[in-house]
Enquirer: 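What follows is a single structure, and I will ask about it in a moment.
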Amino acid sequence: GESVGLHLPTLSVQEGDNSIINCAYSNSASDYFIWYKQESGKGPQFIIDIRSNMDKRQGQRVTVLLNKTVKHLSLQIAATQPGDSAVYFCAESSRDGNKLVFGAGTILRVKS
Amino acid sequence: KAGVTQTPRYLIKTRGQQVTLSCSPISGHRSVSWYQQTPGQGLQFLFEYFSETQRNKGNFPGRFSGRQFSNSRSEMNVSTLELGDSALYLCASSPTGVVNYGYTFGSGTRLTVV
């Protein structure tokens, strides 16, 4: 399939384990953050978001943590499944809220 | 409800040519944004259109342009293609352009410049 990131960091996990993907964002003024999943041949798909007035938000099998002090985001995926294999991007929103600034991405590979 | 539709899916062009890519947003969405995705630079914002007006533009040369029609469909054009323009071009539509509400990406157009 197509590769969207030939030189991205890769996280390999065993099926059923928990995954943690990290991201450093750039703009301390950003107030909205999103995690996206991108599978081969597809566009980014929304996973979970968080506003800067929160430090944790949970979804179904996913949790996002925000540390504004060190400008760090993490995405935790519980009980990782083969279908979770993809490239994961964090994104931050500008103050006007109509564009996204993306991180470099991390490849998640799930071993069965 | 149909998603964001981008055409064509794949395109091969020669250096120096120009290309036009199309994006049909989700019905009712008035904002269309364009992004370029390359292995080297990642995902970068190109521009955003709302009600036929460009509201925001990324740091790309003037060879990259776009427009939006009254039915909210958008096109982007790249003139005098360079090898470095080879990329996946993604568009995202949303009701108002604000990224925290209904911001949905299409599957992209993969442009190869030879």
Enquirer: How about A/Q38 and B/L88: do any of their side-chain heavy atoms sit closer than 4.5 Å?
Expert: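 Answer yes - side chains close enough.
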Enquirer: Check whether B/L90 gets within reach of chain A through its side chain, its backbone, both or neither, counting any heavy atom under 4.5 Å.
Expert: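 It is the side chain, since no backbone atom gets that close.
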Enquirer: What is the distance from atom CG of A/N98 to atom OH of B/Y103, rounded to the nearest 0.5 Å?
Expert: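 Going from CG on A/N98 over to OH on B/Y103, the span is 7.5 Å.
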Enquirer: Please examine the side chains of A/Q45 and B/T104, heavy atoms only from C-beta on, and report whether any two atoms are closer than 4.5 Å.
Expert: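 Side-chain contact under 4.5 Å: no.
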Enquirer: Measure the shortest side-chain to side-chain distance between A/L100 and B/F45 over non-hydrogen atoms and say whether it is less than 4.5 angstrom.
Expert: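 The answer is no, as the side chains (C-beta and beyond) never meet within the 4.5 Å cut-off.
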Enquirer: Does A/L66 belong to the same Ile/Leu/Val/Met/Phe/Trp/Tyr cluster as A/I77, with side-chain heavy atoms less than 4.5 Å apart forming each link?
Expert: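 The answer is yes; both residues are in one hydrophobic cluster.
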Enquirer: Could you check whether atom CZ of B/R15 has more than 12 heavy atoms from other residues, nucleotides or ligands sitting under 6.0 Å from it?
Expert: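 No, CZ of B/R15 has 12 or fewer neighbouring heavy atoms, counting only those of other groups under 6.0 Å.
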Enquirer: Hey, what do you get for CZ (B/R55) to NZ (A/K99), rounding to the nearest 0.5 Å?
Expert: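 NZ of A/K99 is found 13.0 Å from CZ of B/R55.
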Enquirer: Counting heavy atoms not belonging to B/N59, are there more than 12 under 6.0 Å from its CG?
Expert: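 No - once you tally the heavy atoms of other residues, nucleotides and ligands closer than 6.0 Å, there are 12 at most.
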Enquirer: Which residue out of B/S107, B/G40, B/G108 racks up the most heavy-atom pairs below 4.5 Å with chain A?
Expert: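 Looking at each option in turn, the highest pair count goes to B/S107.
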Enquirer: Could you check whether A/F102 and B/Y35 have their ring centres less than 6.0 Å apart?
Expert: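 Aromatic pair counts; centres sit under 6.0 Å.
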Enquirer: Flag the pair B/V99 / A/Y32 as yes when at least one side-chain heavy-atom distance between them is below 4.5 Å, and no otherwise.
Expert: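 Side-chain contact under 4.5 Å: yes.
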Enquirer: Mind ranking A/A91, A/P44, A/G105, A/G43 by heavy-atom pairs under 4.5 Å with chain B and telling me who comes out on top?
Expert: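 Most pairs with chain B among the choices: A/P44.
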Enquirer: Are A/I47 and A/L65 in one and the same hydrophobic cluster, where Ile, Leu, Val, Met, Phe, Trp and Tyr link if side-chain heavy atoms are under 4.5 Å apart?
Expert: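 The answer is no; the residues belong to distinct hydrophobic clusters.
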Enquirer: Would a 4.5 Å heavy-atom cut-off, applied to side chains only, mark B/F105 and A/Y36 as touching?
Expert: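 They are in side-chain contact.
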Enquirer: Are A/L75 and A/I34 connected in a single hydrophobic cluster, I mean Ile/Leu/Val/Met/Phe/Trp/Tyr linked by side-chain heavy atoms less than 4.5 Å apart?
Expert: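 Different clusters: A/I34 never reaches A/L75 through Ile, Leu, Val, Met, Phe, Trp or Tyr contacts under 4.5 Å.
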Enquirer: Is it true that A/V62 and A/L108 fall in one hydrophobic cluster, defined by side-chain heavy atoms closer than 4.5 Å?
Expert: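 Yes, A/V62 connects to A/L108 through the hydrophobic network.
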Enquirer: Drop me the distance from A/F33's CZ to B/N100's CG, to the nearest 0.5 angstrom.
Expert: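 Result: 12.5 Å between the selected atoms.
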Enquirer: If Ile, Leu, Val, Met, Phe, Trp and Tyr residues are connected whenever their side-chain heavy atoms lie under 4.5 Å apart, and connections chain through other members, are A/I107 and B/L43 in the same group?
Expert: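 Yes, one cluster joins them.
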Enquirer: Between the side chain of B/R9 and the main-chain N/O of A/G41, is any donor-acceptor distance below 3.5 Å?
Expert: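 Side chain of B/R9 to backbone of A/G41, a donor-acceptor pair under 3.5 Å: yes, one is there.
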Enquirer: Is the number of heavy atoms from other residues, nucleotides or ligands under 6.0 Å of A/Q60 CD greater than 12?
Expert: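 Check fails, neighbour count at 12 or below.
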